[in-house]
Each structure stands twice: as C-alpha cells, then as structure tokens.
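Here the structure is a predicted model, which means the values were calculated and not measured.
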Amino acid sequence: MDSAEQATILHADLDAFYASVEQLLDPALRGKPIAVGDGVVLAASYEAKAFGVQGGMAAWRARRLCPHLQFVGGHFREYQRLADKVMRVFEDVTPAVERISIDEAFLDVRGSTRLFGQPADIARRIRDRVRTEIGLPVSIGVATTKHLAKVASQVAKPDGLVVVEPGQERAFLDPLPVELLWGVGRVTRERLARAGIRTVGELAAVSPAALERLAGAAVGRKLSSLAANADPRRVAPGGRSRSVGAQSALGRREATADLLQAVLGHLADRVATRLRAARRAGRTVTVTVRFPGLRTVTRSITLPAPVSTTLTLTEVAVDLAQLVLDEQPLEREVTLLAISVSNLVDELALQLELPLGLDGGRRPGTPSGSARWAIDRAVDDVRAKFGRRALGYAGVALADLGGVPEELRELVEAERREPRDAGPRVSRL
C-alpha cells in the first residue's frame, strides 16, 4: 500500500539519550536530575529538564535552576555501543532504516506489515524490545511523511508513541507550535512570532510569497511546504553523507588572526580526519562566520582538486574567513565559526602529478601535497593506536578552545546524517 494511503513511516528517537545511558549504567542515578558534562551541560535527563536545565547551558546556571543537579562524565564508547544495538532492533523489523544521528532514525515499514502487523503495532513492538532488551526509552512517531513522523515523535516525548492517521494531518499539525517544524530555531521562531505566527495552522494560512518576504526565499519555501505537510522524501537506507562539517560556538571573541588560525585549524582537523576515515575527499570548502546579533555570512570555494589534508583545509578556511572579515570592516567580534566540505569523491589512493608548479600543496598529487597526505595518515595511525590526544598540530593541540569534549564531538559528528532535501540541521550540543 502506498504511504499516501497508510501511515508507514516511523521516526524513532531515543529519549535524553546520553543522560538515559548514564542512568542505565548507574542505577543509583535513575529518577534523579543529572547532567552529562562539566563546565557546560552536554545533555540533561528529563528530571533535570523539568527545572529548565538544557543542553549547552553553563554549569553554574544549571545548578542555580536545579540545586540538587548531579553532573556525571560521559561514557562515549557506551553511547556508540548501545545506539548501535538499538539500530539492530530497527533492522530486525525492516531493512529500510535511515539513520540520521547516533540516536534517531527513520523506518519505512510498508514491506513489514504482513509479518509484524500494522505500523502502530510495529512501533509498539520496537519500543518494547528497546526497553526490555537494551533498557532505554524511545519515542516513536508514525505518519505518512518523514516530516510529520518526526514532529509526531517530538510530541510523543518522553517515552511515548503518537500515530497520525491519513486524513488527520491538519487536525494534528494546526495547533502545534511552529518550533516543532524541522529547522525552525529560536531566530526564525521569534521572527514568526513578531508577525503573529505561533502555531503551524497560523503558518499554513500565510501565503508562500509572504513567508518568503518574512523569512527569506529558501526558508520561506521550506516552511510553507512543511506547514502543508508537503514532503515527498522517502526513507533512504544506507545513504552516504553528501558533506562533512564541524562548527564551534565561541561566545563573543575578538576576530584576531590567532583566533581564526586556532579555531579553524581545530575544525579542519576534525573534518579532515573524518574524510580520511571514510576514504573520501572534497572539492568545495564552505566557511560560515556568525557575528553578534546572529548575523551570519557564508563563503565557499571550489578547488581544482579534491582535498582531505588538515593543513590544506585549514589554509583554505582561514582565507575564506579572512575574506568575510575584510568584507565586514565594522565587525570586531565573532560568535561562531564553521567549516564544511562537499562535492565529495572517493579517495582510495593518491594519484601523483607531474611537477608542473600547479597550486603547490593544495593539489594532493604534487610533492608538497603528497607530503601533507602522508603526514596526516601517519597522524591518523598514531591516534588510532594511542588516542586522539597523542599527536596533533601544535597550533591546534596547544590552543585552549574549551567546550564540548572531543570524544563526544567525534561521536556525534561521525554519526550525524542530513536527510535528503531536509531543512536546516540543528546541533543538539
């Protein structure tokens, strides 16, 4: 039966995943408000969220909101192991599983109903197995589209199940707050609120042209489609990432050359390492710079040859960021820097080039480029044996960047996938 005739798309999302794993590993923490992290809250249990504690919050503020909050360290390998076990439960039900982060996935169960019953029965079966076999709570939304299934799973939290039957989409969506739509963050929500738009129904009543004027062309079109539940995307199992990226929130920092070199070098190291681990390289490098007031500027360049080396990516990123700053002479501070690499290709081996003097080290096959390629792979080998902190570039290793532990950054970034043609992706850290 076609998904337009039956709600067969599931979105399964593990509840307060990192905190739930800590409570699973230490039963003494169950039922108590806990936060994963140290100086900053990386994740909070639902008991802590009831006091207003949220991910990304400073520890002092979280303790002020919840005086008996208990901070715990992260068991990063356990996060990966348990999340993989959950995904195997999903795959026991259907091969059509699209994992989009470490703790959430879409499932298409159209081909499983003869074996396991109706989609709602399959969702209950999954929830029961994840709870009894693994010990973790999972919320599931069932709907006719990916977008609606994800909204339903958010409504189902914590530890619930919501099924949106065909024909009931508008009745379900209209009273919901707009921030439940995919990609609606704080800035967009506030902009819509100033225009008197607070619910999905109110959003759906606005013409696409008016939304484009209000939120910009791309965001306006996306919001108009999502409010109308127009989402043709199918569950795409086993898809490869079309880009690799990383970002760093900085608070408010003076945009000095040293800051750009340290932060972008750190981000380039993370991105290039992941590219090499996947045996991939990319030609298009994009840098995002955010200024106070949430004004964001993005610049990109497409290189003549795909790259995966840390130093090359750092150089390109610094050049792009400096270009942004040169274009904004009145801006003295930045609040976020980000790098992404797209236009990806497989890089199974290095093709050497004749010494024609083409673009120096930014072409992997030149003598200097191949030297960078070899050095990075030697670094990768040392890190694989002795840990990431065992070896690195001095400008990055000696910089005090703080923030989220590197192990958790690697874990989240390695598993995060952007669903095809999805709206803007929001980091949960």
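Asp15 and Ser139 share a donor-acceptor pair across their side chains, judged by distance under 3.5 Å alone. Ser45 and Glu47 share a side-chain donor-acceptor pair at under 3.5 Å. Between the side chains of Thr256 and Asp258, no donor N or O sits under 3.5 Å from an acceptor N or O. Side-chain polar atoms of Tyr18 and Glu78 form no donor-acceptor pair below 3.5 angstrom. Judged purely by distance below 3.5 Å, without hydrogens or angles, the side chains of Asp13 and Ser153 never pair a donor atom with an acceptor atom.
Within the 3.5 Å criterion, the main-chain N or O of His147 finds a donor-acceptor partner in the side chain of Asp231. Proximity of a side-chain donor or acceptor of Asp376 to a complementary backbone N or O of Thr310 within less than 3.5 Å is detected. No side-chain donor-acceptor contact under 3.5 Å links Arg299 to the backbone of Leu323. With Thr94 contributing its side chain and Ala96 its backbone, the two residues share a donor-acceptor pair below 3.5 Å. A donor-acceptor pair under 3.5 Å is absent between the side-chain atoms of Arg88 and the main chain of Glu91, judged by distance alone. Arg332 places a side-chain N or O within 3.5 Å of a backbone atom of Pro329 that can act as its donor or acceptor partner. Within the 3.5 Å criterion, the main-chain N or O of Leu180 finds a donor-acceptor partner in the side chain of Gln154.
When every heavy atom of Ala62 is checked against every heavy atom of Leu69, the shortest pair comes out as CB-CD2, 3.6 Å. Closest of all the heavy-atom pairs between Leu65 and Val53 is CD1-N, 4.3 Å. Pairing each heavy atom of Thr335 with each of Phe291, the nearest pair is OG1-O, 3.7 Å. Nearest heavy atoms, Leu303 versus Val285: CD1-CG2, 4.2 Å.
In this structure, Arg279 does not pair ionically with Asp346, as no charged nitrogen and carboxylate oxygen lie closer than 4.0 Å.
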Side-chain donor-acceptor pairs under 3.5 Å in residues 194-210, sequence neighbours left out?
unit_1, atom_1, unit_2, atom_2, d
Thr199, OG1, Glu202, N, 3.1
Glu202, OE1, Arg198, N, 2.7
Glu202, OE1, Thr199, N, 3.1
Ser207, OG, Ala210, N, 3.1

Walk me through it: do Leu337 and Thr288 pass the test side chain to side chain contact (heavy atoms under 4.5 Å, CB included)?
CA-CA 6 Å; Leu337 292 171; Thr288 300; over 6 Å; no

